[in-house]
Amino acid sequence: MDKVFDQKKYEEKIYSMWEKSGVFSPKINQKRKPFTVILPLPNANDPMHMGHALFTVEDIMVRYHRMLGDPTLWLPGGDHAGIETQYVFEKHLASEGKSRFDFDRKTLYKMIWDFCDKNKDLNKNQMKLLGFSMDWSRYHYSLEPRIVAKVLKTFKKLHDDGLVYRGERIVNYCTRCGTAFSDLEVVYKEQNSFLYYLDYGPVQIATTRPETIFADVAVAVNPKDKRYNNLVGKKATIPLINFKIPIITNENIDIKFGTGALKVTPAHDTLDYEIGVKNNLQIISIIEQTGRIKSDPRVPDEIQGLYVNKARQKTLELLEQNGKLVKKEPLTHSVGVCYKCSNVIEPMIIPQWFVKTKPLAAPAIAAVKKGKTKIFPKKRFEKLYFDWMENIIDWNISRQVVWGPRIPVWYCFNCNSQIQISFINKNKECVKGVYETLSQRYSFDEISGGLQSILAPKNASYQLDNKRCHKCGSDKLLQETDTFDTWFLSGQWPLTTLGIDVDNIKKSSEDFKYFYPTSVLDTLWDILFFWVGRMMMFGLYLTNEVPFRVVHIHARVVDQFGKKMSKSKGNVVDPIVMVDKYGADALRWALVAGVGPASDIAISDDKVKGARNFANKIWNISRFIDMKLKDAAVEDYKSIPEFSDKMKGVSPNDKKIVEKLNKIINLTSKYLESYKFGLASEKLYAFVWHDFADKYLESVKKRLETNDLVPLSVLRHVLFNTLKLLHPFIPFVTESIWQELKSQRKSPDIMLVASSWPSGK
RNA sequence: GGUCGAUUGGCUCAGUGGUAGAGCGUUCGCUUCACAUGCGAAAGGUCGCAGGUUCGAUCCCUGCAUCGACCACCA
């Protein structure tokens, strides 16, 4: 054995040995309960970051259970990550001076597909470098046909059950990404702006968005506001266009803000939308999806066609010229921006597909309350889970991006001639318009061949198959171009990857019947809502059974200053760089050792270096024992008696270390069962380094010179058991030693499986 | 505004109802034949503040302070 553990010499070899042996692929054994973990699928658009290295926690659980003898499945996967990937890809296109509007959707889809394929493979290799014992034979990608087919069936089932509807609700729309987002995907940023006081005839209103005044349909005041009592029911006048709008009341108006009078613009503000719906007000939309002001007769000519920001300036100029701008004062408020591109989110009314979530959330709440799924750490995260699930609103599952499965709904163009279309014609030009008009110049085939997107009116008729129109028999049908929210796919991940049959659960695959529900879902708390909640809802909806028994929330990796790692801050540490420098074991250990439940981990070179030293310590303990065994001229393990309490010549000192070993075996098992990985590793560290190496090993050196075989027997006993305890945490060094000491032990050949987890009786 | 978390030796952080722990750093001594990615020793904390429960609190409860995170609202 070398003087120091050279991980580069072993890691690759060891991993491929494991892989070839097939130990990562469990065999179904009806006599034993399986242990199943589904990997939180990394995005296929990006290499791994330090957060992914925390899958170490899952590997620890998985390896532990495998060693216990449980049929253990860790199922890996990759996520197409719809919007996020398209965003990354569009940046890539932009660097080549192109945009998504230059391509029809088929071409664009193919380009992104190829882009992701490369990254997917990169991801897989990186996970192997970290030693993750995933069953690669069961790897799944969210866009592979058999996964998508199941997802579409779920959509149909939801639709049949009346849980899907097409609705026109105010949605968060990013004009740059060209898609709507769920409320969870909007981030709020502080912005310095101005509050403008405008003259609306009998009242003054205060607004930060003067460009939307042309879409106003009312002025609202608080019913308790005495200043306006006599004006309620009368009319206010929109300046510049002199439209009369009613003055109404609403309890949500803050008396102290501005003048206490709010201009109500239902089409372009969330609160206003609610007020509009409640009071049956007209909803007038003046902003296009491109972010430009519409050519609407209500809008002054010079403002039409301007982008929102320009329109604001121009409107203010006009207001000032007309003496309608009373005053402006500075205001700091938060503005919703796109979580991907930071562009300001425009609340807009666009027809979208929604899932009714209340009926799905109720069982998901009940399951956690009944303890069918347990969340760790409980106190903190159960509350978070309930808060979200109890306040859930209908889920907008439409995304106006290309990268994802299209919603399986078809519109007949004969019946719905008002559908808006965007496509690339034969001359490679992007053409937009309403079908009724376009059909006079272009054939249906030319349109469908170069299709970019369609936008059907809210009440458009549709059908769930692409046969001839059920109503008129026409064959001019096109599928919805909205694609599914990524979480609609990943929310079904444990079901689809294990092989559920959505139509007939009893016909699901053997894997599904055996491995579902899964045992533990380990993730970061920040996708508790996006992912865990959705999986709970889908799981219970389709199977009446929770998708996992336990949700374990792991720690978050931050930089040495305690800040979240992000590309924009430039404080990202590449896990693979650390692996290269100090070894996979070192990084794994550094991420787990002594870390409290769901706390932050500050990762630094020093910490990983310390972990590397620990791995080396174990290596050298083994090297010492190996040498002593050979010094004693012992050819193989048979020459040294197996350790036993009753063997002759066992000293109190020997007994003491064995007692401590048994204690640490019990403790490690106990901690692993209760998800206390930090404590487990900390205690192991102290035992290995201080009790075993510094004290016991030093103390027997003299005895070893006297040809006393008892201490050798003890050393070997303690070493092999300790290696087993350490293996889930630091698999490479322990397995490397296991291989080096082949002649000094009985089978098994591979540490990972065949060696059973020790018992510390 | 609401919720949650943190506050422990110089730094980073574990932990427990019964007189404080680790790693790193620091100081001193070691080229000891497993390991200098090491060995031996040492210094260093009234466990944020104020109350309460308890025979006893760093740990439980209440309040406060500071920092951080999340959610909601922001016309």
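The sequence lines fix the lettering, A, B, ..., with proteins before strands; numbering per chain opens at 1. What you see below is based on every heavy atom in this structure, not just the backbone, and it leaves out hydrogens, waters and symmetry mates.
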- Counting just side-chain N and O atoms, does A/His333 come under 4.0 Å of either OP1 or OP2 of B/C73? no
- Item | Nearest-angstrom distance from the residue atom CZ of A/Arg209 to P of B/A75 | 10 Å
- Message: It should be established whether A/Thr265 places a side-chain nitrogen or oxygen under 4.0 Å from OP1 or OP2 of nucleotide B/A75.
- Response: no
- Message: Using a heavy-atom cut-off of 4.0 Å across all strands, would you classify A/Trp525 as base, sugar-phosphate, or nothing?
- Response: sugar-phosphate
- Query: Nucleotide by nucleotide, 5' to 3', does protein get under 4.0 Å of the base (B), only the sugar-phosphate (S), or neither (-) in nucleotides 32-41 of chain B, counting heavy atoms?
  - Reply: --BBSBSSS-
- B/G15 and B/A75: how far apart are their P atoms, nearest whole angstrom? 43 Å
- Item | Nearest-Å distance once atom C1' is located in both B/C39 and B/U19 | 32 Å
- Any A/Tyr671 side-chain heavy atom under 4.5 Å of A/Phe677 side chain: no
- Item | Which nucleotide in B/G5, B/A75, B/C24 has an atom nearest any side-chain atom of A/Phe257 | B/A75
- Starting at CG of A/Asn391 and ending at P of B/U3, how long is that distance when rounded to a whole Å? 14 Å
- Message: Does the structure show a Watson-Crick or G-U wobble partner for B/G29, both distances under 3.5 Å? Name it, or say none.
- Response: B/C39
- Message: Using atom P in both nucleotides, what's the gap between B/A50 and B/U58 to the nearest angstrom?
- Response: 12 Å
- Item | Cationic tip of A/Lys278 above A/Tyr273 ring, under 6.0 Å, 45° of axis | no
